[in-house]
Protein chains: 2
Amino acid sequence: MPTVSSEELAAAAGVNSAKLRKDFSYLGSYGTRGVGYDVEYLVYQISRELGLTQDWPVVIVGIGNLGAALANYGGFASRGFRVAALIDADPAMAGKPVAGIPVQHTDDLEKIIDENGVSIGVIATPAGAAQPVCDRLVAAGVTSILNFAPTVLSVPDGVDVRKVDLSIELQILAFHEQRKAGEEAEAQAGAAAAPAERGNDDKGPDGDVPAVMPA
Amino acid sequence: MPTVSSEELAAAAGVNSAKLRKDFSYLGSYGTRGVGYDVEYLVYQISRELGLTQDWPVVIVGIGNLGAALANYGGFASRGFRVAALIDADPAMAGKPVAGIPVQHTDDLEKIIDENGVSIGVIATPAGAAQPVCDRLVAAGVTSILNFAPTVLSVPDGVDVRKVDLSIELQILAFHEQRKAGEEAEAQAGAAAAPAERGNDDKGPDGDVPAVMPA
DNA sequence: ATGTCTTTGTGAACGCGTGCACAAAGATGA
DNA sequence: TCATCTTTGTGCACGCGTTCACAAAGACAT
Ligand SMILES: NC(=O)c1ccc[n+]([C@@H]2O[C@H](COP(=O)([O-])OP(=O)(O)OC[C@H]3O[C@@H](n4cnc5c(N)ncnc54)[C@H](O)[C@@H]3O)[C@@H](O)[C@H]2O)c1
Ligand SMILES: NC(=O)c1ccc[n+]([C@@H]2O[C@H](COP(=O)([O-])OP(=O)(O)OC[C@H]3O[C@@H](n4cnc5c(N)ncnc54)[C@H](O)[C@@H]3O)[C@@H](O)[C@H]2O)c1
């Protein structure tokens with residue numbers, strides 16, 4: 001039976017092993033003292049808690065440059081997501097397959113949502129169409145939305161919205177970038193001011209502390 | 001002189017006004033007691049601290065479906081970013097304009113980075129090409145990378161990497177989705193167990209607490 | 001010039017996540 | 001069966017961000 005210790009896992013993830021054990025304890029995933037965690041069982045436990053053991057049908061609305069790129073993205077199926085339908089307002093696109101899936105017209109949006117039991121929707125329309133599309137999705141029963149349009153969506157309670165915005169990602173990078181430049185200029189006195197860089201995680205936790213650096 | 005109070009701002013953003021004031025105080029942005037903050041000055045202060053007052057040249061590597069969509073994205077220029085160059089390995093694409101910018105061949109990658117003083121790079125190549133491309137970017141002087149390929153990139157210290165992954169965004173939504181379903185089934189006893197939903201921010205702070213919910 | 005009223009800036013308390021440290025569990029071998 | 005060794009699960013303390021609460025600053029009217 002292949003096992004891993006919290007120590008190994010923690011080292012690989014770059015986190016504290018105690019924290020990792022405590023986190024696991026919340027899911028009730030029981031390891032074996034003196035041995036570690038059964039890998040297979042652990043993976044299953046986490047997958048289940050994360051909702052990855054079930055199949056999630058997803059619709060993408062707005063099949064332009066971005067929508068097509070998303071539809072073609074292979075990372076879907078491997079994680080339990082299935083593109084149930086592609087929807088666009090352009091009549092010229094109706095029936096045309098993208099990534100092997102025929103594009104359907106927005107007129108049928110409600111029907112598509114309902115028939116496929118979709119609860120997760122992706123919006124890749126122009127900014128102006130995002131809110132109306134969002135409203136229709138929500139009215140049709142969608143309760144989670146991933147928004148790529150540069151708009152803040154208003155949704156009723158109980159509906160989750162996540163926004164992906166290239167500009168914001170770049171701004172975060174630019175912020176750190178600017179700070180790097182500032183710090184190397186500060187290589188004069190107070191050498192012991194280095195803020196203890198966090199391990200080179202890729203996860204990209206949104207923000208560091210703004211820290212104290214007045215004008 | 002148009003002004004805003006911390007109270008108004010906090011209400012609009014859905015955060016605590018004291019926190020907002022304290023955050024502002026870190027940038028040394030001085031408001032006027034009894035009046036509030038001068039909007040124009042505040043915007044400038046924040047923009048400057050965030051590194052938005054300067055122009056950031058950016059290169060996109062891998063001009064396929066996704067890369068083209070990113071190149072076409074309008075939200076760039078409005079935030080101080082400028083697409084300095086588009087780079088692809090496909091010789092057939094060389095010279096062909098995308099979003100009005102001619103695509104250049106990867107052979108010239110180092111030259112392009114250097115001549116444009118680029119420090120931020122976007123990777124939209126297939127997964128297999130991501131690490132090699134990343135290495136070349138870093139070697140050429142890029143110190144911030146936005147990665148769309150489904151790979152974990154290894155970079156030396158001092159280089160920031162952020163990863164955008166549709167699958168992960170969907171997983172986060174699915175996690176909450178699953179939890180919603182679980183909670184409504186729990187509508188039996190212990191009605192006072194509602195975990196105090198945070199305001200319907202769109203920001204999508206990465207995680208709530210896993211909370212206690214054993215098997 | 002003086003009083004009043006609004007809103008800032010911040011000291012101090014609170015709450016929570018993180019990390020330490022260790023007792024207990026369980027495997028393993030004698 | 002008993003001793004030993006490894007690794008878990010967790011009580012407890014520390015540190016840090018958030019929130020409260022209020023003194024002080026400044027605008028504005030009289
Ligand atoms: N978040 C990011 O990083 C990012 C990156 C690139 C683009 N974008 C945004 O994504 C969106 C799409 O970008 P794009 O380059 O694919 O644009 P696009 O113009 O190529 O595609 C938009 C598609 O939406 C369809 N559409 C328009 N109105 C619709 C409606 N009411 N219902 C359904 N479909 C509708 C159009 O027919 C078109 O096919 C834009 O809002 C853009 O700003 C975001
Ligand atoms: N993060 C996300 O949400 C998301 C979404 C969709 C796609 N993707 C990923 O983005 C990447 C691109 O997706 P796509 O649909 O545009 O693929 P694509 O095949 O359409 O485009 C890839 C492009 O990269 C170019 N390329 C290949 N090797 C290269 C190299 N060594 N140097 C420079 N250019 C190179 C190709 O010529 C092609 O033009 C893929 O890795 C895909 O998995 C991510």
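In the text below, chain A, chain B and the rest are named by the order of the sequence lines, each starting its count at 1. Note that the structure is a prediction, hence the values are computed from the model and not measured.
Between the CZ atom of B:R21 and the C1' atom of C:dG11 there is a distance of 13 Å, given to the nearest Å. Going from atom CD of B:Q45 over to atom P of C:dG9 covers 11 Å, rounded to whole Å. In this structure, the CG atom of A:L9 is 13 Å from the P atom of D:dT7, given to the nearest Å. In this structure, B:Y26 places its OH atom 9 Å from P of D:dT18, rounding to the nearest Å. Taking atom CG on B:L20 and atom C1' on D:dC20, their separation rounds to 16 Å, with Å as the unit. For the pair A:L42 CG and D:dT7 C1', the interatomic distance rounds to 15 Å; values are reported in whole Å. With rounding to whole Å, A:N16 atom CG is found 15 Å from D:dG15 atom P. If you take CG of A:D23 and C1' of C:dC16, they are 14 Å apart, rounded to a whole angstrom.
For the pair A:V35 and A:A18, both in contact range of DNA chain D, the more 5′-proximal nearest nucleotide belongs to A:V35. Along DNA chain C, the nucleotide nearest B:E7 and the nucleotide nearest A:T32 are compared for position; the residue whose nucleotide lies closer to the 5' end is B:E7.
One finds no side-chain N or O of B:K19 lying less than 4.0 angstrom from the OP1 or OP2 phosphate oxygen of D:dT19.
A:S6 comes within contact range of the sugar-phosphate backbone alone, with a heavy-atom separation under 4.0 Å but no base atom that close. Using a 4.0 Å heavy-atom criterion, one finds that A:Y37 contacts the sugar-phosphate atoms exclusively. Residue A:Y30 is in sugar-phosphate contact alone, with no base atom involved, counting any heavy-atom pair closer than 4.0 Å across all strands shown.
Salt bridge A:R79/B:D165: present, at least one basic N to carboxylate O contact under 4.0 Å. Using a cut-off of 4.0 Å between Lys/Arg side-chain N and Asp/Glu carboxylate O, B:K163 and A:E169 are scored as not salt-bridged.
Other residues, nucleotides and ligands contribute at most 12 non-hydrogen atoms within 6.0 Å of the CD atom of B:E40.
Within 3.5 Å, a donor on the side chain of A:K22 pairs with an acceptor on the base of C:dG19, or the reverse. Side-chain to base pairing of B:R33 with C:dT7: no donor and acceptor N or O lie closer than 3.5 Å to each other.
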Practice task
Test side chain to side chain contact (heavy atoms under 4.5 Å, CB included) on B:N147 and B:C134 and set out the steps.
Solution key: CA-CA 9 Å; B:N147 179 32; B:C134 172; over 6 Å; no

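For B:W56 (side chain) and A:Q171 (main-chain N/O), no donor-acceptor pair under 3.5 Å exists by modelled atom type.
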